[in-house]
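Report on the following structure.
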There are 2 protein chains.
Amino acid sequence: MARAATTTDAFNAVAEPRRRRILDLLAGGERSVNDLVAALGVAQPLVSKHLRVLREVGLVEVRDEGRRRMYRLNGRPLKPIYDWVKSYEQSWAQRFERLDAVLEELKEIENGDDGDDD
Amino acid sequence: MARAATTTDAFNAVAEPRRRRILDLLAGGERSVNDLVAALGVAQPLVSKHLRVLREVGLVEVRDEGRRRMYRLNGRPLKPIYDWVKSYEQSWAQRFERLDAVLEELKEIENGDDGDDD
DNA sequence: TTGACACATTCCCATATAGATATATGATTT
DNA sequence: AAATCATATATCTATATGGGAATGTGTCAA
């Protein structure tokens, strides 16, 4: 099996930095494709393809306005990512569990060794 | 260019569900590879390969214990994901901007049409 | 030393890109 | 209708998988 499609879910869609950048731009408000092309400085077909991926996972929605297509953000599909990653918040905020272990080691070392040994 | 390597950053590493599951298991405490193999129900070489990816982005750390290798979680590389996605929290908590637009449309319809159209 | 156990790595395959280029589609203007 | 503008899609290439099977490596037991 190959890697899962980028359109499988938001996790995969958002793994690509350019797509995150697009979402960042859309967070500032609705934008046309050409707007995005100019802001990103990449080829138009590539932007369209990225937008397609984002559309397929529901992260953006389109509205036709004359010959332009206005894209807007829909953050809802990001919530599963938020929920998942939030449950790990402790694991970087609390760097003290490890510290505990180190302190215990130091206590033991205190008993006789110098411990200059990284 | 192909897709970015899964070892490029945590975003890519975590796009794979099996790797998220591994982190979920490690969140409960240190585990040996065999433990993970049993818990996941997948082939051992595959688990080792996923662990390698997680190791390369710093999401797990290893400790040798006899012939076993004990893996433990390091959540720090998840922080960039958290920070990025957190800035979108409004965009799903606040589903009212859209509602506003709908209400405006309804007001207009009120002026003459029945609007039985969902 | 031999054997068993726990993992990691290598090789192979099918698949899915990201990007570049060329072209198709659809709306607006002239 | 013809030309133009704004986007989307099709085609091609190089690359990076995830998974399966086989094999390599290091540790402990007999």
Side-chain angles (χ1 to χ4, degrees), chain A residues 1-26 29-73, chain B residues 1-23 25-26 30-73:
Chain A
M1 216 192 225
R3 208 189 308 194
T6 55
T7 52
T8 300
D9 55 31
F11 278 98
N12 282 281
V14 154
E16 160 67 44
R18 213 90 79 168
R19 283 195 286 267
R20 288 201 299 277
R21 183 93 184 89
I22 289 177
L23 295 180
D24 290 344
L25 288 167
L26 293 180
E30 217 180 29
R31 291 249 202 175
S32 72
V33 178
N34 252 1
D35 257 20
L36 294 172
V37 168
L40 294 167
V42 303
Q44 174 266 312
L46 190 49
V47 173
S48 282
K49 275 203 282 190
H50 283 315
L51 286 169
R52 184 165 155 79
V53 171
L54 293 172
R55 237 163 44 217
E56 289 196 35
V57 298
L59 278 168
V60 300
E61 285 160 12
V62 211
R63 176 175 68 85
D64 280 31
E65 186 183 85
R67 48 186 160 185
R68 285 182 305 169
R69 308 199 78 196
M70 306 302 290
Y71 279 84
R72 89 183 84 88
L73 173 71
Chain B
M1 216 192 224
R3 207 189 310 193
T6 55
T7 52
T8 300
D9 55 30
F11 277 99
N12 282 280
V14 154
E16 160 66 42
R18 213 91 78 170
R19 284 195 287 265
R20 289 200 298 279
R21 183 92 185 90
I22 290 177
L23 295 180
L25 288 167
L26 293 181
E30 217 180 29
R31 291 247 203 177
S32 73
V33 177
N34 253 2
D35 257 19
L36 294 172
V37 168
L40 293 166
V42 303
Q44 174 266 312
L46 191 48
V47 173
S48 282
K49 277 200 278 190
H50 282 314
L51 285 170
R52 182 166 156 82
V53 171
L54 293 172
R55 238 164 43 217
E56 290 198 32
V57 299
L59 277 168
V60 301
E61 286 160 12
V62 212
R63 177 173 69 85
D64 280 29
E65 186 184 84
R67 46 186 159 184
R68 285 183 305 171
R69 306 200 77 198
M70 306 302 290
Y71 278 85
R72 87 183 85 91
L73 173 71

Per B:His50 side chain, nearest of listed nucleotides D:dA8, D:dG18, C:dA8: D:dG18
Earlier contact from the 5' end, DNA chain D, for A:Arg68 and A:Ala4: A:Arg68
Length of the line joining A:Glu56:CD and C:dT17:C1', which is rounded to integer Å: 13 Å
Side chain of A:Leu46 (C-beta onward), nearest among C:dC7, D:dA14, C:dA20: C:dA20
Atom-to-atom span, CZ of A:Arg3 to C1' of D:dT15 - whole angstrom: 10 Å
Separation of C:dC7 P from B:Asp64 CG (nearest whole Å): 10 Å
Selected nucleotide, minimal atom distance to B:Ala43 side chain, candidates C:dA20, D:dG20, C:dA16: D:dG20
Spacing between B:Leu54 atom CG and C:dA8 atom P, to the nearest angstrom: 12 Å
Whole-Å distance separating the CZ atom of A:Arg52 from the C1' atom of C:dG19: 17 Å
Check: B:Gln44 side chain, C:dA8 base, donor-acceptor under 3.5 Å: yes
Sugar-phosphate, base or nothing in reach of B:Ser48, heavy atoms under 4.0 Å: base
Donor-acceptor pair, side chain of A:Arg20 and main chain of A:Val14, under 3.5 angstrom: yes
Whole angstrom value for the distance that separates C1' of C:dA24 from CZ of A:Arg67: 17 Å
Contact summary for B:Val60 and B:Arg55, nearest pair of heavy atoms: CG2-N, 3.6 Å
Donor/acceptor link under 3.5 angstrom from B:Lys49 side chain onto base of D:dG19: yes
Criterion side chain to side chain contact (heavy atoms under 4.5 Å, CB included) on B:Arg52 and B:Ser48, from CA distance to verdict: CA-CA 6 Å; B:Arg52 182 166 156 82; B:Ser48 282; over 6 Å; no
Proximal nucleotide (of D:dT27, D:dG18, C:dT9) relative to the B:Thr6 side chain: D:dG18
Separation of D:dG26 C1' from B:Arg63 CZ (nearest whole Å): 17 Å
Worked check of side chain to side chain contact (heavy atoms under 4.5 Å, CB included) between B:Thr6 and B:Arg19: CA-CA 11 Å; B:Thr6 55; B:Arg19 284 195 287 265; 3.4 Å; yes
Side-chain N,O (A:Asn34) to OP1/OP2 (D:dT7) below 4.0 Å: yes
